[in-house]
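Since the structure comes first, as structure tokens, the remarks are kept for the end.
Here is how names work: the chains are called A, B, and so on, in the same order as the sequence lines, proteins then strands, and each is numbered from 1.
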There are 2 protein chains.
Amino acid sequence: MNAPTAASQPRTRIQREKRELILEAALEVFSSHGFRGSTIDQIADAAGMSKPNLLYYFRNKEEIFQTLIHRLLDTWLAPLRELDEAGDPETELRSYIRRKIEMSRDYPRESRLFANEILQGAPRIMEMLRGELKPLVDEKAKVIRGWMRTGKLATADPYHLIFAIWATTQHYADFDVQVCAVLGPDRGGEGRFEDAARFLEKLFFDGLRPR
Amino acid sequence: MNAPTAASQPRTRIQREKRELILEAALEVFSSHGFRGSTIDQIADAAGMSKPNLLYYFRNKEEIFQTLIHRLLDTWLAPLRELDEAGDPETELRSYIRRKIEMSRDYPRESRLFANEILQGAPRIMEMLRGELKPLVDEKAKVIRGWMRTGKLATADPYHLIFAIWATTQHYADFDVQVCAVLGPDRGGEGRFEDAARFLEKLFFDGLRPR
DNA sequence: TTAGGATTTGTCCAACCGGTAAAAAATGCG
DNA sequence: CGCATTTTTTACCGGTTGGACAAATCCTAA
């Protein structure tokens, strides 16, 4: 009687497993074609089931996307949340940069999913940006400003600093094909993430002016 | 007799004007929905004509996209081309950053067009990346490495430096809605580009470690 | 074992999408 | 003007897409 699409919590083992399977497939498909560019058939294929079967677990395409992106947000924001006011500013920011580069290496699909959505004007996640992202950034911007006031960090706009860290680190996930095309076949190996991390830590703390 | 779709050069005044009109509309539509997410109807609407009429000027959707992106590439790479080996390294890089930020402010659609395409694996522009972008970056990377050897610039990987400049500056075009959502209504005005330029110049040259 | 719910499949549909064909209208030129 | 050429419109087509629905099958607990 109870269709799983109506249930907020899956009732059976199968429902839990299949919903996971679908979300994994949806991540794969949505992250590489965007919302409009992805079809339910593609997701169903990737999940190894028929379209009607998939639609038994999710009301529609929109609901798959929403479920997926809401579930991923916490993972995605985790590195920023871990920024610890009590820690040493330089150490904290260095490991934030490192963690973000590792996320680009290990979870590029998640990065591209968000990038795709924001690029198209974030019509489906604007709430999340204002409701969860902004408060978190506001909070951490205060922390960074506090660090700057102690003199342990040069004074700069903390918001643009956070943007700069996002941009540079996520670049290696979102624009991976470009990075690889420019670096060429010899330098395009897995080492690029380690190189990027080293470069960025140096750039962010020392800058380009020789000392 | 001669259909304009077969002609490399438009023959009449109307053909020149209408093709321009279509490309302008296509930029608007492609840049905000990506290739697959855009429909010929949307572009035709934006250009104020019917779909068959549009298809009188371009063979198909693919040709509109290719024409558009090839025409835009030069504009897009112009700032990097202007990097002058003979100039002062710091001045040259500062104005490169400024120009790129100005491009994000003045031509955000062009930035998003490329971003959208690269995010989805660059299936339609991979040739351009390898054939035009890589050689240019290789050349400019050599220039930057030369500057570093003179001691006027700290030593760092020039490729990752270029990536970092692209990432941070284009972020303000590609992720504009996120930037605005995080900065909030009070700081979301046009000043954000000027703030960004100031922040980035300082970051790239001085870094975050207090002096 | 078996009834009742959970799951899966096959079938179908209306809207949309890229693109074509041909007729109609507008344009330009001698 | 008269006529050829260019441009626009109308009508249409085959394929795809999101989604509905009911029949068939599977599972599980009593």
Side-chain angles (χ1 to χ4, degrees), chain A residues 1-23 25-26 28-30 32-69 120 123-124, chain B residues 1-26 28-30 32-69 116 120 123-124:
Chain A
M1 178 177 264
N2 249 316
T5 54
S8 45
Q9 299 288 16
R11 294 163 197 288
T12 73
R13 175 185 54 86
I14 292 183
Q15 282 179 30
R16 240 175 298 125
E17 289 173 2
K18 294 276 164 125
R19 281 178 66 102
E20 283 311 309
L21 201 66
I22 292 168
L23 289 174
E28 187 68 31
V29 176
F30 280 139
S32 52
H33 304 295
F35 183 80
R36 281 206 55 184
S38 304
T39 72
I40 301 183
D41 263 319
Q42 285 176 319
I43 300 172
D45 275 358
M49 64 179 75
S50 66
K51 183 170 62 171
N53 196 183
L54 184 151
L55 286 170
Y56 171 71
Y57 293 101
F58 290 90
R59 227 185 298 275
N60 50 37
K61 192 173 158 184
E62 185 75 31
E63 197 185 272
I64 309 172
F65 188 87
Q66 288 291 345
T67 306
L68 183 61
I69 211 156
Q120 318 205 345
R124 277 165 287 270
Chain B
M1 181 179 264
N2 252 314
T5 55
S8 45
Q9 301 287 17
R11 294 162 199 287
T12 73
R13 177 184 53 88
I14 293 185
Q15 283 178 30
R16 239 175 298 124
E17 289 174 2
K18 294 275 163 128
R19 281 177 66 101
E20 282 312 310
L21 201 66
I22 292 168
L23 290 173
E24 158 64 27
E28 186 68 31
V29 175
F30 280 139
S32 52
H33 304 296
F35 183 80
R36 279 205 58 185
S38 304
T39 72
I40 301 184
D41 263 318
Q42 285 176 321
I43 300 172
D45 275 359
M49 64 179 74
S50 66
K51 181 170 60 171
N53 196 182
L54 184 151
L55 286 169
Y56 171 72
Y57 292 101
F58 289 90
R59 226 185 298 276
N60 51 37
K61 190 175 160 182
E62 186 76 31
E63 197 185 270
I64 308 172
F65 189 87
Q66 289 291 345
T67 306
L68 184 60
I69 211 156
N116 243 316
Q120 317 205 345
R124 276 166 287 270

Open item on the list: So, OP1 or OP2 of C:dT7: does either fall under 4.0 Å of a side-chain N or O from A:Q15?
Closed with: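 Checking C:dT7 against A:Q15, a side-chain N or O does come within under 4.0 Å of OP1 or OP2.
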TODO: Give a yes/no answer on whether the side chain of B:Y56 brings an N or O atom under 4.0 Å of OP1 or OP2 in D:dT7.
DONE: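 Yes, because at least one side-chain N or O of B:Y56 sits under 4.0 Å from OP1 or OP2 of D:dT7.
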Could you state the atom-to-atom distance from [atom1] of [X] to [atom2] of [N] in whole Å?
X	N	atom1	atom2	value
B:E17	D:dT6	CD	P	17 Å
A:M49	D:dT25	CE	P	20 Å
B:I43	C:dG18	CD1	C1'	11 Å
B:D45	D:dT8	CG	C1'	16 Å
B:L54	D:dT8	CG	P	11 Å
B:I22	D:dT7	CD1	P	11 Å
B:K51	C:dA21	NZ	C1'	14 Å
B:D41	D:dT9	CG	P	14 Å

TODO: Among the candidates D:dC21, D:dT10, D:dT8, find the nucleotide nearest to the side-chain atoms of B:N53.
DONE: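 For B:N53, the side-chain atoms sit closest to D:dT8.
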Task: Approximate separation, where rounding is to 0.5 Å, of B:I43 CD1 and B:F30 CZ - done: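 Reported to 0.5 Å precision, the distance equals 3.5 Å.
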Task: Rounded distance [0.5 Å steps], CD1 in B:I40 versus CG in B:L54 - done: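 With rounding to 0.5 Å, CD1 (B:I40) is 7.0 Å from CG (B:L54).
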Side-chain heavy-atom pair [X], [Y] within 4.5 angstrom cut-off:
X	Y	answer
A:Q120	B:N116	yes
A:R36	B:R36	no
A:T39	A:H33	no

TODO: Remember a base hit wins even if backbone is also touched, and classify B:K18 as base, sugar-phosphate or nothing at under 4.0 Å, heavy atoms.
DONE: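 Answer is sugar-phosphate: B:K18 comes under 4.0 Å of backbone atoms only.
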Open item on the list: Tell me whether the side-chain N or O atoms of B:K61 pair up with the base of C:dG19 as donor and acceptor below 3.5 Å, since no angle test is needed here.
Closed with: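 By the distance-only test, no, there is no pair.
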Open item on the list: Here's a test of your reading of the structure: between A:R36 and A:S50, which maps to the more 5' nucleotide of DNA chain C?
Closed with: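 Its nucleotide being nearer the 5' end, the pick is A:S50.
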